[in-house]
Structure formats: C-alpha cells, structure tokens
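Report on one structure; see the data block that follows.
Below, chains carry the letters A, B, ... as their sequence lines are ordered, and counting in each starts from 1.
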Amino acid sequence: MTFINYAAREINCKIVYYGPGLGGKTTNIKYVYEKTNPNSKGKLISLATETDRTLFFDFLPLDLGEIRGFRTRFHLYTVPGQVFYDASRKLILKGVDGIVFVADSQAARMEANLESLRNLDLNLKEQGYDLRAIPYVLQLNKRDLPSALPVEEMKRQLIRKGEPVFDAVASKGTGVFETLKTIAKMVLLELRKGR
Amino acid sequence: MPGTDLVLHEEEFTKIRDVISRLRAECNAKVVFLVDKNGQQIAAIGELSAIDTTALASLAAGNVAATDSLARLIGEKEFSVLFHEGERDNLHISVVGGRVILVVIFDERSSLGLVRLRVKKGSTELAAILDVMLKKSASPRKAAAGGSPFAEITDEDIDKLFSD
C-alpha cells in the first residue's frame with residue numbers, strides 16, 4: 001500500500017525482506033545502510049535480541065530522489081526469520097508493496113527456505129494479498145559457502161512465478177543492490193499501473 | 001485493504017495540520033504527530049528538530065500493531081490508548097478512526113489528564129477528515145487534482161533514480 005502525499009509531494013513505499021532465520025535479511029539491509037550516501041538514508045533501527053537475532057523488525061528508510069517532482073522514499077523492513085515469531089511477521093507484512101525473499105543456499109537450510117516460503121504465502125493470503133500478484137524478488141544468498149546447493153536446484157524448488165532471481169553474498173555486498181533496485185523498480189511500475 | 005493506496009491531498013493535509021496544531025496548543029504538548037498504521041508519517045507539528053520523525057513513525061506503528069495483537073490474545077478488541085511515562089517526556093499514543101495513530105509528546109508543562117481530554121476531542125475531528133481522505137484514496141486516481149502523475153512514469157525516470 002503505497003502512501004502518496006500530494007501535500008509534501010512524496011511517494012512512500014514499503015519493501016519487506018522475508019526468509020528463514022539466519023538467512024541474511026538483516027545483513028542485506030545493513031549493507032544497504034553502510035553503502036548509502038548519508039543524505040539519502042535515515043537511521044537504521046534494529047529491534048533485536050542481545051544475541052543480535054531480529055526480535056521484531058529492522059527498519060531502514062531510503063530516499064531515492066525525485067520522480068516526476070515527487071520524492072521517492074522506500075521503507076525497508078526485515079521480519080524475524082525464526083519460526084516462532086510468526087505473530088510479528090504478520091504485523092510487518094501489513095501495507096507491503098514489494099517482497100524480497102532471502103533464501104539460504106546451504107543444503108541443510110533448504111527445508112527452512114521452503115517452510116518460510118509457505119509461511120509467506122499463508123501470511124499474505126491472510127491479509128488478502130496474493131504472492132503471485134505482488135512485486136516479488138528471490139535472492140539466493142550465501143553463494144560463497146561450500147555447502148551451497150547448485151543455483152538450478154534452488155530455482156527448481158523455490159521459484160514461484162518466474163520472479164527475478166539474484167545470486168548474493170550479502171555479507172560482502174554481492175547482489176544486494178541488484179536485488180533492491182529490481183524490487184524498487186517493480187514497485188514503481190506497479191504504481192504506474194495505478195491498480 | 002490491500003491494493004488501495006493511501007493518498008493525502010493538500011486540502012486534507014491542511015485540515016489535519018490545523019487540527020493537530022490546535023491540539024498541540026490546547027494540551028501544551030511538545031509534539032503532535034499523526035502516523036498511518038503501516039508506519040508512514042502523515043503530519044507532525046511542534047519541536048521536531050531533535051526527533052527522527054521517520055523512525056518515530058515506524059516504531060509507533062510497530063508498537064500499536066504489537067499492542068493490538070496482545071489485546072486480541074486476551075480477548076480485547078483493542079487497547080485504545082498507550083501511555084509511556086519518562087523522566088522528562090511522556091508519550092501518549094491513541095488510534096484514530098481505526099486507521100491512523102495519534103502521538104502526543106509532552107513534558108511537565110502538561111498533564112496526562114489534559115492530554116487525554118484534548119485528544120478525545122481532537123480525535124473526533126481527525127476521524128472525520130480521515131474518512132474523506134480514505135474515500136478519496138479508494139476512488140480512481142484521476143480524481144486527484146491534475147490527474148495522476150504516476151501513470152506517465154517512464155522506464156527512464158525509474159532508471160534515473162538508480163543512476164549512481
């Protein structure tokens with residue numbers, strides 16, 4: 001649900017990073033924060049536990065500049081990936097405009113990827129969204145690990161609708177901005193359609 | 001309501017600003033702030049220079065969302081008011097019209113009783129303005145003065161955002 005403010009001439013969009021626990025959602029957002037010009041970003045807020053696990057959400061506001069005289073702002077959120085934080089995940093999906101699914105490439109985490117994807121589908125449905133209709137990008141993270149599954153195998157299991165797929169090593173920044181740019185573009189194109 | 005964007009026009013914005021300005025004066029508050037339930041800031045007035053308003057909006061919405069869920073867990077419809085008491089400043093958070101969040105920050109120059117009283121009155125006025133805003137948001141974009149500026153966004157416009 002994009003917020004269009006004609007008075008302040010701003011467009012505000014919400015992008016949510018979803019995926020299994022320890023998959024690299026927060027790492028994605030932190031990298032974006034570190035590499036973004038100070039004038040274009042707000043404070044990075046992390047509601048995390050003492051051991052740095054996301055408890056509620058991470059939040060990063062980004063200012064992408066002007067489009068047709070409107071300041072374009074993106075609010076990036078991550079959800080807590082751990083299974084038992086489902087109530088929090090549902091809350092964060094409210095009003096979402098675009099979703100990045102951060103999958104963990106390690107073979108041992110494939111089941112967790114699939115479970116998280118099912119959970120995303122279910123939580124979206126509960127709020128009246130459809131995964132097939134909403135702007136959606138799949139990121140295959142941790143490609144540098146020796147235990148990473150082949151890309152083709154991951155795609156076979158995780159692709160839902162022909163969405164764009166990016167290989168990533170979020171800790172080094174590989175694929176992070178490509179993913180963000182693509183989802184942001186998809187959200188803006190959706191805005192053009194006017195729904 | 002997924003799919004319905006929230007659109008704020010100049011006319012409603014001015015009305016909202018008038019109401020929250022008056023509310024701020026009446027309760028002697030430092031800041032009065034209006035946030036959409038999804039965390040988007042709608043309007044703010046007062047001593048804002050020391051406050052990160054974007055973060056405040058997001059956290060207030062998160063706070064209300066979590067509290068709403070807590071309420072439902074114990075069989076309540078909602079907790080309509082949240083109050084956080086600090087050493088110097090206090091935070092009064094309430095939900096207006098089921099859709100937006102009104103945040104009042106005040107210190108010892110005001111009191112909880114005064115804030116509660118004034119917020120109640122201000123909320124009724126705000127709810128009426130928001131009603132109009134939501135109805136306009138739900139109607140086709142072309143209802144906006146001058147038509148929708150987004151229908152004509154080109155791929156080039158979007159690429160330009162990411163040029164650096």
Separation between [atom1] of [X] and [atom2] of [Y], rounded to the nearest 0.5 Å:
X	Y	atom1	atom2	value
A:I4	B:L8	CD1	CG	10.5 Å
B:L161	A:L64	CG	CG	5.5 Å
A:N12	B:N38	CG	CG	11.0 Å
A:T72	B:K160	OG1	NZ	11.5 Å
A:Y6	B:E11	OH	CD	14.0 Å

For [X], is it the side chain, the backbone, both or neither that has a heavy atom under 4.5 Å from a heavy atom of chain B?
X	answer
A:L47	side chain
A:E66	backbone
A:F177	neither
A:F3	both
A:I11	side chain

Would you say [atom1] of [X] has more than 12 non-hydrogen atoms from neighbouring residues, nucleotides or ligands within 6.0 angstrom?
X	atom1	result
A:K43	NZ	no
B:R116	CZ	no
A:R160	CZ	yes
A:E126	CD	yes
B:K37	NZ	yes

Indicate, with yes or no, if [Y] and [X] share a hydrophobic cluster defined by side-chain heavy-atom contacts under 4.5 Å among Ile, Leu, Val, Met, Phe, Trp and Tyr.
X	Y	value
A:Y18	A:L138	yes
B:L114	B:L91	no
B:V64	B:L130	no
A:V96	A:L117	yes
A:Y85	A:V79	no

Heavy-atom distances under 4.5 Å only: say whether B:D157 touches chain A with side chain, backbone, both or neither.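 Both the backbone and the side chain of B:D157 come within 4.5 Å of chain A.
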Atom group of B:T154 that falls short of 4.5 Å from chain A, counting heavy atoms: both
Sub-4.5 Å heavy-atom contacts with chain A: which residues of residues 40-58 of chain B show up?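 The list, in residue order, reads B:Q40, B:Q41, B:I42, B:D52, B:T54, B:A55, B:S58.
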Is there any residue in residues 65-77 of chain B with a non-hydrogen atom under 4.5 Å from a non-hydrogen atom of chain A, and which ones are they?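 Within residues 65-77 of chain B, the residues that come under 4.5 Å of chain A (heavy atoms only) are B:A65, B:A66, B:S69.
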Taking the side chain as every heavy atom from C-beta outward, state whether B:N63 and A:F56 have any atom pair closer than 4.5 Å.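 No, too far: nothing below the 4.5 Å cut-off.
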Salt bridge check, A:R192 against B:D155: does any charged N sit closer than 4.0 Å to a carboxylate O?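 Salt bridge flag = yes for A:R192 with B:D155.
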